[in-house]
Amino acid sequence: MEAAVDFLRAIVTSDVAAGKNDGRVVTRFPPEPNGHLHIGHSKAISIDFGIAAEFGGRCNLRFDDTNPEREEIEYVEGIMGDVRWLGCDWGESLFYASDYFEQLYRWAEAIIRKGKAYICDLTADEVREYRGTLTEPGRESPYRGRSVEENLELFRGMRAGEYPDGARTLRAKIDMAAPNLNLRDPVMYRIRRATHHRTGDAWCIYPSYDWAHGQSDAIEGVTHSLCSLEFEDHRPLYDWFLDQIELPHGRPRQIEFARLNLTYTVMSKRKLRALVEEGHVGGWDDPRMPTLSGLRRRGYPPEAIRLFLERIGVAKRNSTVDIRLLDDTVREYLNSRTSRVMAVLKPVRLVIDNLPEGEVEWIEVANNPEDPAAGLRNVPFTRVLYVERDDYRDPPPKGYFRLYPGNEVRLRGAYLVRCTHATSDSEGNPIEIHCTYDPASKGTAAEIGRKVKATLHWVSAEHSLEGEVRLYDHLFTVSDPEDEGHGGDFRSCVNPASLEALTGCRLEPSLSGAAPGARYQFERMGYFCVDSRDSRPGRLVFNRTVTLRDTWAKIEKARQGK
RNA sequence: UGGGGAGUCGCCAAGCGGUAAGGCAGCGGCCUUUGGAGCCGCUAUCCGCAGGUUCGAAUCCUGCCUCCCCAACCA
């Protein structure tokens with residue numbers, strides 16, 4: 001399939017062809033350091049860095065740190081780590097909007113001198129009243145007519161800290177009757193005595209987003225300022241401000257695209273923060289979180305995330321992508337590159353009655369049938385094994401191919417075994433399954449002239465390691481937790497079963513040295529990764545990244561549904 | 001109701017006047033020492049609706065409908 005060119009790349013292509021900005025392409029990723037990045041941001045990252053790279057340009061990482069009250073250094077470090085993890089390189093181009101405070105201030109004075117901005121003494125509440133409504137024009141501030149000299153003096157006073165917080169603002173003088181509310185004399189500076197994570201107490205006035213953003217783009221020579229749809233209304237203001245200053249480089253152009261939404265999760269910093277602070281999850285890096293740190297800990301490879309982003313494309317339509325597309329992409333990516341290993345999550349003993357006690361056969365198995373280069377390993381085959389509890393049913397449901405009295409199945413990499421009987425508890429749960437094996441049954445169906453319908457994973461009881469395995473499900477029980485239509489807010493549909501921690505799992509011995517972050521496919525179960533926080537040698541903890549496709553589970557589920 | 005956007009298969013998404021790509025999901029089947037993986041086939045006579053222009057429209061025009069965003073000294 002030929003990858004279709006999205007509208008952003010089409011625009012950049014034609015700008016370059018038209019010789020705009022001498023054919024340079026400079027983008028920027030402008031996070032506010034007030035939270036951790038999530039997969040939604042990775043769409044922007046992938047677009048910003050991806051387009052720059054494709055056009056031989058550069059992408060700046062710029063922290064939009066114009067609001068000292070909620071920004072912290074901890075977040076800038078986390079964000080840099082996340083961007084790097086995604087494989088994006090900003091080289092020397094690490095910037096902070098706060099680096100431009102002095103330049104911004106000088107430009108603001110120049111705008112005042114042109115009579116295009118004024119100091120307003122209205123309170124926040126009054127500003128809101130004067131702004132008018134969606135359908136009614138606003139009224140002009142009584143301070144709108146101040147002289148340039150007075151404005152300049154007051155503005156300097158604001159900078160010098162002569163007025164209390166919130167007492168005055170610098171406002172652009174545009175049009176209080178503009179149908180676009182952003183043009184009704186927007187605030188450029190507010191007084192806020194807060195210690196900034198970079199400039200400390202050097203400033204007590206801070207520029208607003210609208211005033212800082214486009215000018216920062218201009219300072220950095222950004223050519224294409226790509227942002228999300230909600231800033232469409234701000235574009236006329238972005239352009240207005242650009243018109244007021246002497247452009248140091250070319251003229252940046254803002255273009256908007258639709259942000260990413262995913263089913264069964266939330267994507268707003270506010271809500272993610274609430275999940276963390278209210279203890280619904282273990283932290284920003286909880287493997288159930290859509291944060292990049294959560295996805296990383298869960299075992300999602302950054303390459304798979306980027307592949308996913310390529311698949312969903314970019315457009316201007318608000319959309320919510322089915323999270324199964326992400327799952328599928330991760331599976332596809334991991335399939336060819338992950339070693340197979342056997343791990344029994346919910347173990348039950350299986351005794352091979354015709355195999356002598358104490359006998360051990362080290363069976364050679366492929367690490368990855370999809371990749372011969374992955375090599376071979378040996379797994380011990382003994383009289384007493386563990387198999388998955390789900391792999392025994394008596395009586396067997398229709399279409400069940402696994403263990404039940406009389407049935408024969410394959411033990412992966414090893415022999416065919418026929419179930420003879422099983423002991424069970426009062427509830428009917430198997431305690432110990434008994435089988436006999438056929439020593440002549442190693443080999444393919446063609447080789448041994450016999451076919452069975454199921455192959456089971458197993459581990460030697462004696463040799464296996466004990467470990468913990470954490471199974472994850474969607475964080476929310478509904479596909480659109482943002483939709484509060486059905487009672488309660490997003491908190492009320494947090495999935496109580498989103499984490500299932502299994503202890504007493506049995507792992508094949510080759511896993512003994514598994515390093516934090518290492519990924520494996522547990523045969524028939526899914527892709528798992530060693531937890532980077534809680535796993536210890538001798539006390540391994542695995543996170544399930546994603547399950548394998550499970551046709552049987554689908555059949556059973558469909559049956560239950562009926 | 002003012003302004004700004006968007007409406008193509010269940011979910012994404014191509015298409016830009018010449019007669020509906022692709023992916024995911026779904027449904028059949030093949031193959032298989034993972035009910036995994038892989039492979040094959042099927043699934044929009046139709047592009048929010050209604051008119052119009054044209055030999056010909058999802059693509060152009062008109063009107064209408066629906067959804068999203070905007071009234072922080074947040075970004």
Side-chain angles (χ1 to χ4, degrees), chain A residues 1-6 30-32 34 64 66-67 69-70 120 122-124 127-128 131-138 165-171 178-184 186-192 206 208-210 212-213 227 229-236 256 258 263 269 311-329 331-332 335-336 340 342 365-366 369-370 399-402 409-416 441-445 447-448 451-457 479 521-526 547-555:
Chain A
M1 177 192 72
E2 197 65 32
V5 175
D6 58 72
E32 182 187 10
N34 70 341
D64 225 327
T66 57
N67 185 349
E69 289 179 324
R70 31 188 248 177
C120 181
L122 254 23
T123 64
V127 168
R128 192 180 328 114
R131 186 157 28 231
T133 68
L134 294 179
T135 52
E136 301 153 21
D165 284 10
R168 299 190 217 267
T169 54
L170 176 70
R171 295 227 259 161
N180 179 343
L181 299 260
N182 293 121
L183 264 15
R184 321 244 261 225
V187 168
M188 294 171 68
Y189 278 94
R190 69 279 207 183
I191 305 172
R192 200 102 314 165
Y206 290 94
S208 62
Y209 164 84
D210 287 304
H213 201 90
C227 61
L229 255 25
E230 65 268 32
F231 292 102
E232 246 164 347
D233 286 347
H234 293 247
R235 189 171 358 113
E256 312 81 14
T263 54
K269 275 188 208 169
R311 288 184 178 176
I312 60 173
V314 202
K316 294 196 69 160
R317 167 158 37 160
N318 285 312
S319 64
T320 301
V321 175
D322 190 332
I323 197 156
R324 285 177 298 186
L325 216 195
L326 211 210
D327 293 345
D328 182 78
T329 306
R331 276 188 207 106
E332 180 186 319
N335 178 43
S336 59
R340 272 63 174 169
M342 292 195 280
V365 295
E370 310 287 319
Y400 186 79
F401 304 150
R402 282 112 94 151
V409 301
R410 161 79 57 191
L411 291 180
R412 172 118 252 224
Y415 304 92
L416 256 28
S441 61
K442 240 200 273 184
T444 64
E447 285 163 354
I448 63 168
K451 225 172 178 175
V452 292
K453 291 198 140 172
T455 298
L456 270 37
H457 61 283
S479 72
Q521 184 198 98
F522 287 0
E523 295 241 17
R524 301 206 304 140
M525 305 305 286
T547 62
L548 251 24
R549 281 205 193 86
D550 188 345
T551 311
W552 172 246
K554 205 192 293 181
I555 293 170

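Everything numeric in this text was worked out from a predicted model, so none of it was measured. So you know, we letter chains A, B, ... as the sequences are listed, proteins then strands, and number each from 1. Computation of the quantities below employed the complete heavy-atom set of this structure, encompassing side-chain atoms and omitting hydrogens, waters and symmetry-equivalent molecules.
Taking for each of A:Ala124 and A:Val314 the nucleotide of RNA chain B with the nearest heavy atom, the 5'-most of the two is the partner of A:Val314. Where A:Asp328 and A:Gly132 each meet RNA chain B at their nearest nucleotide, the meeting point lying more 5' is that of A:Asp328.
Look at CZ on A:Arg331: it is 14 Å from C1' on B:U34, rounded to the nearest Å. For A:His234 and B:C74, the NE2 to C1' distance is 10 Å, given to the nearest whole Å. The separation between A:Asn182 atom CG and B:G5 atom C1' is 14 Å, rounded to whole Å.
The partner of B:C64 is B:G48, judged by Watson-Crick or G-U wobble contacts that both fall below 3.5 Å. Across all strands shown, B:G26 is found opposite B:C42 as a Watson-Crick or G-U wobble partner, with both distances under 3.5 Å. Summarising the base pairing, B:A14 is matched to no nucleotide, lacking a Watson-Crick or G-U wobble pair whose two defining distances lie under 3.5 Å. Using N1 to N3 plus N6-O4 or O6-N4 for Watson-Crick, or N1-O2 and O6-N3 for G-U wobble, each under 3.5 Å, B:C9 pairs with nothing. Pairing of B:G2, defined by two Watson-Crick or G-U wobble distances under 3.5 Å, is identified with B:C70. Pairing for B:U59 is absent, with no Watson-Crick or G-U wobble pair whose two atom distances lie under 3.5 Å.
If you check every strand for non-hydrogen atoms under 4.0 Å, A:Ser319 touches sugar and phosphate atoms only. Heavy atoms of A:Leu122 sit under 4.0 angstrom from at least one base atom. As judged by a 4.0 angstrom heavy-atom cut-off over every strand, A:Ser208 is placed among residues touching the sugar-phosphate backbone only. Counting non-hydrogen atoms under 4.0 angstrom, A:Gly399 reaches a base of the nucleic acid. Residue A:Ala178 is classed as having no contact, given no heavy-atom separation below 4.0 Å to the nucleic acid. Residue contacts for A:Arg235: at a heavy-atom cut-off of 4.0 Å it reaches no nucleic acid atom on any strand shown. Across all strands shown, A:Thr123 has heavy atoms under 4.0 Å from base atoms, whether or not it also approaches the sugar-phosphate. In this structure, A:Gly138 reaches neither bases nor backbone, as no heavy-atom distance under 4.0 Å exists between it and the strands shown. No engagement by A:Glu332 is indicated, since no non-hydrogen atom pair under 4.0 Å with the nucleic acid exists. Here A:Glu232 lies in heavy-atom contact (under 4.0 Å) with sugar-phosphate atoms only.
Here the nucleotide nearest the side chain of A:Leu229, chosen from B:G35, B:A14, B:G5, is B:G5. With B:G35, B:C68, B:A14 as the candidates, the nucleotide lying closest to the side chain of A:Phe401 is B:G35. Between B:C73, B:U34, B:A75, one nucleotide has an atom nearer to the side chain of A:Thr455 than all others, and that is B:U34. With B:G36, B:U34, B:C11 as the choices, the nucleotide that has an atom nearest any side-chain atom of A:Thr551 turns out to be B:G36. Picking from B:A72, B:G36, B:C73 the nucleotide with the shortest atom distance to the side chain of A:Arg128 gives B:A72. Closest approach to the A:Lys554 side chain among B:G35, B:C73, B:C27 is made by B:C27 (side chain taken as heavy atoms from C-beta onward). Side-chain proximity of A:Arg549 to B:U34, B:C12, B:G38: nearest is B:G38. Checked against B:C74, B:A6, B:A37, the side chain of A:Asn335 finds its nearest nucleotide in B:A37. Of the candidates B:A6, B:C69, B:G36, B:C69 carries the atom nearest the A:Glu230 side chain, counting heavy atoms from C-beta on. The side chain of A:Asn318 lies closest to B:C68, out of B:C68, B:U34, B:C73.
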Protein-nucleotides 1-3 of chain B N/O pairs closer than 3.5 Å?
residue	atom	partner	partner atom	Å
B:G2	N9	A:Leu134	O	3.3
B:G2	N3	A:Leu134	O	3.2
B:G3	N2	A:Asp233	OD1	3.3
B:G3	N2	A:Asp233	OD2	2.9

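Interatomic distance, A:Arg549 CZ to A:Lys554 NZ, rounded to the nearest 0.5 Å: 7.5 Å. The CD atom of A:Glu256 sits 10.0 Å away from atom NE2 of A:His234, with the distance rounded to the nearest 0.5 Å. Annotation: the span from A:Arg311 atom CZ to A:Glu332 atom CD amounts to 4.0 Å, rounded to 0.5 Å. The line from CE of A:Met525 to CD of A:Glu523 is 11.5 Å long, rounded to the nearest 0.5 Å.
Between the P atoms of B:C60 and B:A75, the separation comes to 38 Å (whole Å). Nucleotides B:A13 and B:A25 place their C1' atoms 14 Å apart, quoted to the nearest Å. If you take atom C1' in B:A57 and the same atom in B:C68, they sit 27 Å apart, rounded to whole Å. Here the separation of B:C47 from B:U19, taken at their C1' atoms, is 13 Å to the nearest Å. As rounded to the nearest Å, B:C46 and B:C55 have P atoms that lie 24 Å from one another. B:C16 and B:C61: their P atoms are spaced 16 Å apart (whole Å). A distance of about 11 Å separates the P atoms of B:G26 and B:A37, rounded to the whole Å. The gap from the P atom of B:A14 to that of B:G23 amounts to 15 Å, rounded to the nearest Å.
Listed pair A:Arg131 / B:C70 fails the phosphate criterion, with no side-chain N or O lying under 4.0 Å from OP1 or OP2. Distances shorter than 4.0 Å separate some side-chain N or O of A:Arg192 from OP1 or OP2 on B:C74. Residue A:Lys269 places no side-chain N or O under 4.0 Å from the OP1 or OP2 atom of B:A75. A close approach under 4.0 Å does not occur between any side-chain nitrogen or oxygen of A:Arg311 and OP1 or OP2 of B:A13.
Nucleotide B:A20 is shown with an anti base, its glycosidic torsion being more than 90° from 0.
Between A:Trp552 and B:G35, a base-stacking contact is recorded: ring centres under 5.5 Å apart, planes less than 30° from parallel.
A pairwise comparison of heavy atoms in A:Thr66 and A:Ala212 identifies CG2-CB, 3.7 Å as the closest pair.
Using modelled atom types, no side-chain atom of A:Arg192 and backbone atom of A:Asp165 make a donor-acceptor pair closer than 3.5 Å. A donor-acceptor distance shorter than 3.5 angstrom exists from the side chain of A:Arg331 to the backbone of A:Thr547, with no hydrogens or angles considered. For A:Arg184 (side chain) and A:Arg131 (main-chain N/O), a donor-acceptor pair under 3.5 Å exists by modelled atom type. Here the side chain of A:Thr263 pairs a donor or acceptor atom with the backbone of A:Ile323 at under 3.5 angstrom. A:Arg524 places a side-chain N or O within 3.5 Å of a backbone atom of A:Thr455 that can act as its donor or acceptor partner.
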Apply side chain to side chain contact (heavy atoms under 4.5 Å, CB included) to residues A:Asn67 and A:Asn34 and explain how you reach the verdict. CA-CA 9 Å; A:Asn67 185 349; A:Asn34 70 341; over 6 Å; no
Could you please spell out the steps behind the side chain to side chain contact (heavy atoms under 4.5 Å, CB included) verdict for A:Leu326 and A:Val321? CA-CA 9 Å; A:Leu326 211 210; A:Val321 175; over 6 Å; no
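Taking only distance into account, the side chain of A:Arg402 meets the base of B:G35 through a donor-acceptor pair shorter than 3.5 Å.
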